[in-house]
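Here's the structure, in structure tokens; my notes come after.
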Amino acid sequence: MSPAVRTAVDLGRGLVLRNPLLTASGTFGYGLEFEPFLDLARLGGIVVKGISPKERSGNAPARIIETPSGMLNAIGLQNIGVMRFVQEKLPALRERDTALIVNVFGNSIDDYVTVVEQLEAEEGIAALELNLSCPNVEEGGLEIGRSPRSIEQVTHAVRQRTRRALWVKLTPNVSDISETARAAVSGGADAVSLVNTYVGMVIDVERRRPVLSHGHGGLSGPAIRPLAIAAVYQVCQAVDVPVIGIGGIVAARDVVEFMMAGARAVQVGTANYNDPAIAAKLVDGLVEWCAAHEVADVNQLVGAAQQ
Amino acid sequence: MSPAVRTAVDLGRGLVLRNPLLTASGTFGYGLEFEPFLDLARLGGIVVKGISPKERSGNAPARIIETPSGMLNAIGLQNIGVMRFVQEKLPALRERDTALIVNVFGNSIDDYVTVVEQLEAEEGIAALELNLSCPNVEEGGLEIGRSPRSIEQVTHAVRQRTRRALWVKLTPNVSDISETARAAVSGGADAVSLVNTYVGMVIDVERRRPVLSHGHGGLSGPAIRPLAIAAVYQVCQAVDVPVIGIGGIVAARDVVEFMMAGARAVQVGTANYNDPAIAAKLVDGLVEWCAAHEVADVNQLVGAAQQ
Amino acid sequence: MTENRDCTVAGQRELGEDYFLLQVAWPELANQVCAGQFVMLGLPDIGEMLIRRPFSVARTVASEPGRAPCSFEILYKVYGRATRAFSRLRAGAVVSVLGPLGRGFWLPDESEHDRTEIVLVAGGIGNAPFPLLLQQLGPRAQHVSLFFGGRSREDLTLLSWFRERCQVITTTEDGSEGRRALVTEPLAEKLDDDPNRRRVVLACGPQPMLKAVAEICLAREVLCQLALEETIACGFGVCLGCVVEQRHPASEFERYVRVCTEGPVFDAREVIL
Amino acid sequence: MTENRDCTVAGQRELGEDYFLLQVAWPELANQVCAGQFVMLGLPDIGEMLIRRPFSVARTVASEPGRAPCSFEILYKVYGRATRAFSRLRAGAVVSVLGPLGRGFWLPDESEHDRTEIVLVAGGIGNAPFPLLLQQLGPRAQHVSLFFGGRSREDLTLLSWFRERCQVITTTEDGSEGRRALVTEPLAEKLDDDPNRRRVVLACGPQPMLKAVAEICLAREVLCQLALEETIACGFGVCLGCVVEQRHPASEFERYVRVCTEGPVFDAREVIL
Ligand SMILES: Cc1cc2nc3c(=O)[nH]c(=O)nc-3n(C[C@H](O)[C@H](O)[C@H](O)COP(=O)(O)OP(=O)(O)OC[C@H]3O[C@@H](n4cnc5c(N)ncnc54)[C@H](O)[C@@H]3O)c2cc1C
Ligand SMILES: Cc1cc2nc3c(=O)[nH]c(=O)nc-3n(C[C@H](O)[C@H](O)[C@H](O)COP(=O)(O)OP(=O)(O)OC[C@H]3O[C@@H](n4cnc5c(N)ncnc54)[C@H](O)[C@@H]3O)c2cc1C
Ligand SMILES: Cc1cc2nc3c(=O)[nH]c(=O)nc-3n(C[C@H](O)[C@H](O)[C@H](O)COP(=O)(O)O)c2cc1C
Ligand SMILES: Cc1cc2nc3c(=O)[nH]c(=O)nc-3n(C[C@H](O)[C@H](O)[C@H](O)COP(=O)(O)O)c2cc1C
Ligand code: FES
Ligand code: FES
């Protein structure tokens with residue numbers, strides 16, 4: 001490891017992360033569960049499980065199934081709700097020396113506003129990430145995230161109520177992700193994160209029905225990485241705010257690939273299950289890659305593959 | 001193999017295939033190249049490489065790259081053009097005892113009409129498949145296949161000029177594939193085939209640029225199978241015409257999965273490269289599966305997993 | 001303490017067709033794991049296996065009798081991609097292991113043991129967690145009964161090992177070993193035989209067997225613990241993928257519990273199968 | 001005739017770090033393959049390897065001297081996922097093979113042989129197609145010169161085998177074997193030495209080496225054949241993924257030619273590198 005490589009990245013609105021490695025919402029619990037495996041202070045930041053106004057019990061099982069180089073899930077956004085999050089998780093989390101990003105979701109503009117208002121007075125939150133894109137819950141993020149107009153409305157409504165850095169997480173299940181990215185920016189987003197999962201389904205041919213009780217689910221993992229890279233590459237040409245790349249990262253090479261496509265930071269998701277210390281290992285791997293390639297500052301990677 | 005399993009499937013407009021196994025356009029050449037490896041008469045039919053009004057030399061290399069459980073390509077629709085196809089390939093193809101489906105593409109309505117008109121007088125073509133969806137060629141299929149209005153227009157224009165069975169092949173790179181499927185049907189399609197490839201990109205981190213000379217390409221293979229299954233499942237609920245399922249088929253189990261999702265027939269693509277005899281093996285595998293599960297007619301599988 | 005480690009394969013033995021016994025070197029885990037707990041097993045290259053697989057710890061192994069164990073064993077059946085890949089591992093190979101995980105069987109403490117009979121029920125590869133249980137019971141194991149059923153004789157792996165340590169009642173569906181019956185048949189007879197005996201039934205096996213065992217026990221008010229299976233992605237409680245439904249949730253929010261964390265062993269009264 | 005087969009691995013030998021020699025049983029192929037032709041090699045389970053990989057046939061092997069060959073060998077270097085998986089194969093394993101494929105080197109016929117000197121140029125693993133070439137030349141091989149370069153001595157696999165059969169001139173970048181130089185240095189000297197000698201240069205190796213060899217030969221009007229590499233998906237001409245650009249296409253449509261079918265060996269004058 002070369003201490004000479006500068007790793008800090010600026011995500012706008014004054015938020016500078018120690019390094020570009022974040023953990024993706026829903027794949028890192030509330031962060032504290034990973035402390036036996038890694039030092040949270042090694043990471044650029046953590047994005048916690050999506051929070052809704054009220055607690056939710058999620059979908060009936062089965063909720064997950066492996067696919068070729070991927071994983072399909074329909075957890076149904078099970079979470080403890082904003083109140084318990086503030087009471088039970090936040091006090092410990094804000095003691096940790098890492099940027100805390102709270103992922104927020106809802107079924108309506110009101111839901112988003114409710115959560116954000118309840119969080120606004122709390123210390124120790126570096127940014128909010130709006131999940132407008134979850135394909136799992138009926139009448140949920142799905143519709144909002146596919147409509148540029150709705151994206152702009154929700155983003156704008158939240159923007160009015162927070163002084164914090166505001167990220168909008170985009171669904172890839174759209175005809176033109178540049179358009180939805182622009183809608184988020186014009187609504188006031190400081191950064192966009194992409195991608196969320198792709199709508200998929202696996203059928204149990206013996207039982208003649210979808211494996212997941214919910215029917216369809218969201219596909220993540222290395223299978224979607226080429227799709228996510230294309231989305232990041234394209235969005236970077238469409239908007240001027242920082243882009244956070246997500247999708248199928250399992251190795252330092254993948255982090256470099258996302259950054260060269262234009263991402264200022266990345267989030268690692270499904271891979272956390274395979275190796276709960278992977279996010280910290282990727283920080284080391286990124287620094288080593290840069291040192292070996294005589295890259296003095298990770299920001300030099302950002303967009304390097306853009307023509 | 002049980003001869004007791006009935007395999008014939010009806011794809012509309014009087015076109016009955018011997019069995020539901022087709023080969024996907026662009027992955028099976030002009031069919032004849034596979035004769036050293038399998039008997040074309042074993043298949044339900046073959047879909048030949050996309051034909052345009054004029055011959056095309058395609059994109060500069062590199063044109064392909066492997067991805068996790070998938071393959072990214074940007075061939076650029078290299079083909080010999082409709083005239084040479086009719087002169088050089090069709091005479092031999094029409095002698096073969098299998099349904100011949102000609103895949104057609106163009107950059108404009110005129111292009112499609114030109115090809116279809118030149119084919120109309122020829123004997124031995126069972127159906128036309130319109131590729132409105134190739135993500136590889138600038139100003140190409142891309143735009144047409146993402147706009148329901150354009151889909152309907154092209155389909156309608158071609159419908160006026162052919163008495164043949166007309167299939168429309170849908171791109172999955174849209175917000176709502178049910179909507180584009182309905183557009184194809186209202187334009188006069190007898191069946192819809194889905195999915196074409198997903199827009200993806202791989203970056204060569206050593207050379208700091210996309211691996212493919214074209215930049216982005218189309219993702220195929222098992223990585224996309226869960227996405228294709230979800231698309232087929234959804235489209236089957238939106239339209240009444242037969243649906244032809246495509247995406248990541250490598251085993252008989254996958255054929256059954258697509259049929260249970262609602263597909264009346266399937267196309268096998270990338271897997272032809274790995275095993276040039278796979279399409280025939282899948283016919284056997286499907287029949288064996290049905291025999292082992294006491295399914296007397298493959299049509300009983302169609303939509304079995306639909307609620 | 002749960003840890004994530006790359007471990008060396010100490011050896012692998014084939015137990016008849018499709019069954020394998022894999023020995024993994026990890027002394028600390030072998031010394032603290034309880035019967036019914038599991039590990040996540042993967043290959044060190046994440047590109048070869050994105051999602052690891054859960055396996056019960058079957059047994060622990062010491063280098064010499066009387067010494068503390070230095071490795072643990074996994075007893076498994078080849079089903080699909082992952083188990084096929086594991087079956088090719090040889091001594092010296094490296095696997096990635098997360099463990100110990102979950103809540104194992106809870107046993108009557110020694111003072112109560114004379115008064116409580118332990119009855120094990122295993123269906124096929126469901127015998128996997130029981131060797132460790134018998135090891136941990138030591139000499140008390142001889143009073144334990146194991147009802148062990150399978151399709152055929154080949155499914156009853158480690159049978160002679162079990163016979164040396166406890167009372168074994170076998171059944172097979174094809175009659176190739178023991179009674180030709182489902183394992184629940186002799187189990188029900190046993191429970192009816194001496195209905196007032198204080199007992200605890202510990203069961204592991206396919207879902208339909210567990211369901212039948214639970215019904216038999218609940219009907220007779222016999223305590224019953226079930227080792228459940230659900231698809232496991234993380235194994236340590238964060239993905240929320242592995243839930244089962246609770247019978248009497250305290251609130252709507254607590255409707256589901258995680259097999260990997262609250263289980264895999266549950267009281268049969270707690271869960272809806 | 002090109003065929004697709006599941007074949008048995010007859011054996012595998014490690015040739016120093018990262019280099020392997022894999023022997024595959026397929027008598028018919030071994031008897032008809034020409035130097036420079038290749039096969040697609042995969043695992044029988046498509047789930048483990050979607051896209052097979054191209055490898056030159058390096059050598060053929062007979063069960064006894066004087067007999068017809070019964071198997072062929074592949075000489076390869078471990079780069080990534082596929083080659084790592086192949087390196088684990090042992091005798092008895094099954095691989096899926098498609099071949100023989102492509103157009104190999106074309107040689108001056110026997111009558112012309114006395115007048116035409118054959119010069120081989122290999123960079124690193126680019127030596128792979130040349131053992132077969134020497135086998136096919138038989139006693140004529142002793143007049144052949146092989147310019148064989150690598151980073152270091154370890155890259156010059158099968159060196160003593162080559163030395164027994166032809167004239168070998170070695171270079172390494174680190175000087176651990178032969179001259180410390182790029183292989184193109186002694187090659188250029190050789191060509192300049194006796195400029196009127198009729199020669200044909202056959203080259204295989206990394207792209208920059210091929211480019212340099214082509215320039216050296218074209219500048220001196222020496223015939224030169226290059227074994228090219230491009231990503232190969234099908235290997236038999238249908239995916240159109242493996243093209244290179246032609247120098248003088250007959251029409252815009254013929255701008256690209258397929259490495260797997262029109263190549264992998266091309267006349268240096270035909271292609272743009
Ligand atoms: C707590 C627990 C303990 C287990 N202990 C043992 C044991 O000791 N010995 C043994 O042989 N088996 C055990 N299993 C089952 C074992 O995990 C599966 O057989 C294995 O995952 C199959 O993987 P595969 O790739 O070979 O099969 P696949 O082809 O992936 O699937 C075959 C079947 O295995 C099951 N399965 C697949 N992936 C998972 C997963 N991530 N989690 C759970 N189930 C899955 C599914 O039912 C699937 O239909 C246990 C399962 C659980 C939940
Ligand atoms: C006609 C031909 C003959 C060859 N003969 C030999 C030989 O005799 N011995 C030998 O060691 N190598 C040979 N190669 C190269 C060999 O195919 C690659 O080293 C191998 O594919 C690497 O696979 P991998 O999964 O280990 O590496 P990967 O991790 O997939 O990639 C490493 C590099 O290998 C190359 N590569 C990957 N996939 C392919 C593919 N499908 N087709 C072509 N190149 C690919 C790419 O340059 C890539 O950057 C030959 C290539 C060609 C085109
Ligand atoms: C089990 C699971 C749960 C998830 N839950 C959430 C969530 O609550 N909110 C959210 O924005 N994204 C959620 N995601 C999406 C991930 O944050 C990420 O966008 C996606 O998994 C792609 O990244 P990956 O391929 O690295 O996993 C979830 C993903 C998984 C696999
Ligand atoms: C190399 C390549 C070329 C293709 N060319 C065409 C084409 O010309 N026309 C078309 O409609 N689809 C084309 N396709 C898409 C396939 O027909 C198919 O829709 C896609 O590959 C998904 O199926 P698969 O996962 O089984 O490969 C091509 C795919 C590949 C991999
Ligand atoms: S497997 Fe992830 S919570 Fe249980
Ligand atoms: S590799 Fe498919 S055409 Fe050459």
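Naming convention: chains lettered A, B, ... in sequence-line order (proteins, then strands); numbering from 1 in each chain. Predicted model only: the values in this text are computed from it and were never measured.
- Per-residue counts of heavy-atom pairs under 4.5 Å with chain B were compared for A:Arg253, A:Gln234, A:Arg207, A:Gln306; the largest is that of A:Arg253.
- Counting heavy-atom pairs closer than 4.5 Å to chain B, the top-ranked of the candidates A:Leu219, A:Ile229, A:Val174 is A:Val174.
- You'll find the side chain of A:Val195 stays beyond 4.5 Å of the side chain of A:Leu170, heavy atoms only.
- With a 4.5 Å cut-off on side-chain heavy atoms, B:Leu212 and B:His216 do not count as touching.
- Classified by interplanar angle (parallel below 30°, tilted 30° to 60°, perpendicular above 60°), the ring pair A:Trp289/A:His293 is parallel.
- When each of B:Ala223, B:Pro226, B:Gly215 is scored by its heavy-atom pairs under 4.5 Å with chain A, the top score falls to B:Pro226.
- Put simply, of B:Met259, B:Glu257, B:Arg209, the one with the most heavy-atom pairs under 4.5 Å next to chain A is B:Glu257.
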Worksheet item: Between A:Leu286 and A:Thr7, is a side-chain contact (heavy atoms from CB on, under 4.5 Å) present by the stated rule, with each step listed?
Response: CA-CA 9 Å; A:Leu286 175 63; A:Thr7 58; 5.7 Å; no
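- Counting heavy atoms from C-beta on, the side chains of B:Ile249 and B:Val255 come closer than 4.5 Å.
- Note on B:Ala305, B:Ala231, B:Ser175: by heavy-atom pairs under 4.5 Å with chain A, the leading option is B:Ser175.
- Interface remark: B:Leu227 contributes backbone and side-chain atoms alike to the contact with chain A (heavy atom separation under 4.5 Å).
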